[in-house]
Amino acid sequence: MKHEDVQGVFQRYLNTPLNRKRFLTISALSGATLMLGTQGCQDDDVPMPPPGAIDVGEGDPGILNFAYALEQLEAAFYIKACTSFFSGATGEEKQMLTDIRDHEIAHRDLFKAALGQGAIPGLEFDFSAVNFTRRDSVLGTAKALEDTGVAAYNGAGRYIATKDYLILAGKIVSVEARHAAAIRYLLNPGSADFAGDDVVQASTGLDTSRTPNEGGSNSIVATANSFLVTKISATRLP
């Protein structure tokens, strides 16, 4: 199957409910394509990842794997948050968290299917810093994850070479931004925080953009790693 055909399948996947047959078909086809792309881009001079870390790779497969890691993190967080809601959670809050959980699971599974054999392993998470019985801890963490996710998609978009992947990223980041706005509404309803000046520049109306390693100890990679047992590395990404 030609590369373009794989992308077509990938796009159609976005518009249809997930089922096992489709999942396995896409995994086999797109995984083979991405593995070829990875092998074709190998470079002996690229930085080595830290010992023990899971390297996401480089180029488009690396960016997709980086996004896959973030989607794994978000899905795992909301699954845990919805398994037992924080004390006093309202019906509206439960519904929003459940809807966001389902979106993040779909995003996670989409990337896993698209990457196929080129996907990084399933990650193990450490949410010990989150008190899932407290509203401020759960919603505060959700806000941080959603804002980070939006900035990550915005920052990585410029490095995506394949048009269809860029379209995919645009579709996902728009959903992530809705999540961020919804969480911000729950935290401070009836205010301008849904698109606060801390994430949307008032002069341009543009959202925050950050590359994976931008910001050193406060980078998106570092933020993700704060919730991971086995760390990820994106040394071959910007």
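Predicted model only: the values in this text are computed from it and were never measured.
- Under the 4.5 Å side-chain criterion, counting only non-hydrogen atoms from C-beta, Ser137 is not in contact with Phe132.
- Cluster membership for Ile54 and Leu73, using ILVMFWY side-chain heavy atoms within less than 4.5 angstrom, is shared.
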Practice problem: Applying side chain to side chain contact (heavy atoms under 4.5 Å, CB included), run through Thr230 and Leu123 and close with a yes or a no. | Solution: CA-CA 7 Å; Thr230 300; Leu123 302 174; 5.9 Å; no
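- Closest heavy-atom contact between Ala195 and Val200: O-CB, 3.9 Å.
- Arg210 places no side-chain N or O within donor-acceptor distance of the main-chain N or O of Ala152, the cut-off being under 3.5 Å.
- With Glu214 contributing its side chain and Thr211 its backbone, the two residues share a donor-acceptor pair below 3.5 Å.
- Expressed to the nearest 0.5 Å, how far CG of Asp198 lies from CG of Asp147 amounts to 6.5 Å.
- Here the closest non-hydrogen pair linking Gly157 and Leu166 is O-CD1, 3.5 Å.
- Under a 3.5 Å cut-off, the side chain of Ser219 and the backbone N or O of Gly215 do not form any donor-acceptor pair.
- Residues His103 and Tyr78 form no side-chain contact, since every pair of their non-hydrogen atoms from C-beta on lies 4.5 Å or further apart.
- Although no hydrogens or angles enter the test, the distance criterion places a donor-acceptor pair under 3.5 Å between the side chain of Asn213 and the main chain of Ala234.
- The heavy-atom pair separating Asn65 from Ala119 by the smallest distance is OD1-CA, 3.4 Å.
- Taking the side chain as every heavy atom from C-beta outward, Phe77 and Thr141 approach each other to under 4.5 Å.
- Atom-to-atom distance recorded for Phe125:CZ and Ser226:OG is 11.5 Å, nearest 0.5 angstrom.
- Ionic pairing of Arg108 and Glu74 is not present here: no N-O contact between side-chain nitrogen and carboxylate oxygen is shorter than 4.0 angstrom.
- For the pair Leu97 and Phe86, the minimum side-chain heavy-atom distance is below 4.5 Å.
- A salt bridge does not link Asp99 with Arg178: none of the charged nitrogens is closer than 4.0 Å to a carboxylate oxygen.
- Looking at Lys143 and Leu187, their side chains come closer than 4.5 Å, going by heavy atoms from C-beta outward.
- To the nearest 0.5 Å, atoms NE2 (His107) and NE2 (His179) are separated by 6.0 Å.
- Around NZ of Lys231, the count of heavy atoms belonging to other residues, nucleotides or ligands within 6.0 Å exceeds 12.
- In this structure, the separation between OH on Tyr165 and CG on Leu64 is 5.5 Å, given to the nearest 0.5 Å.
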Practice item. Kindly indicate, with the supporting measurements, whether the criterion side chain to side chain contact (heavy atoms under 4.5 Å, CB included) is fulfilled by Tyr185 and Glu92. Key: CA-CA 11 Å; Tyr185 164 80; Glu92 180 183 45; 3.7 Å; yes
### Message
Walk me through whether Arg135 and Glu93 qualify under salt bridge (charged side-chain N to carboxylate O under 4.0 Å, His left out).
### Response
CA-CA 10 Å; Arg135 182 179 187 273; Glu93 290 168 338; 2.7 Å; yes
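- In terms of heavy atoms, Ile232 sits closest to Asn225 at N-OD1, 2.7 Å.
- Across every non-hydrogen atom of Gly62 and Leu237, the tightest pair is O-CD1, 3.6 Å.
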Are Ser209 and Arg158 close enough, and set up right, to give a side chain to side chain contact (heavy atoms under 4.5 Å, CB included), and what steps lead you there? CA-CA 10 Å; Ser209 173; Arg158 79 190 79 169; 3.3 Å; yes
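- Counting heavy atoms from C-beta outward, Leu168 and Phe111 have side chains that approach closer than 4.5 Å.
- Side-chain N/O atoms of Asp126 and Ser128 include a donor and acceptor closer than 3.5 Å.
- With rounding to the nearest 0.5 angstrom, the CD atom of Glu104 is 10.0 Å from the CG atom of Leu70.
- Side chains of Val138 and Phe85 form no contact here, defined as non-hydrogen atoms less than 4.5 Å apart.
- One finds the CD1 atom of Ile172 at 5.5 Å from the CD atom of Glu71 (value rounded to the nearest 0.5 Å).
- When every heavy atom of Ser174 is checked against every heavy atom of Lys171, the shortest pair comes out as OG-O, 2.7 Å.
- Cluster annotation: Phe194 and Ile100 are assigned to distinct hydrophobic clusters (Ile/Leu/Val/Met/Phe/Trp/Tyr, side-chain heavy-atom contacts under 4.5 Å, transitive).
- In this structure, Arg184 and Asn188 have side chains that are not in contact, with every pair of non-hydrogen atoms separated by 4.5 Å or more.
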message: I'd like to know whether Thr162 forms a side-chain hydrogen bond (donor to acceptor under 3.5 Å, both in side chains) with Asp164, so could you lay out the CA-CA distance, the side-chain angles of the two residues, the decisive distance to 0.1 Å, and finally the verdict.
response: CA-CA 6 Å; Thr162 303; Asp164 288 331; over 6 Å; no
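- Under a 3.5 Å cut-off, the side chain of Thr208 and the backbone N or O of Val199 do form a donor-acceptor pair.
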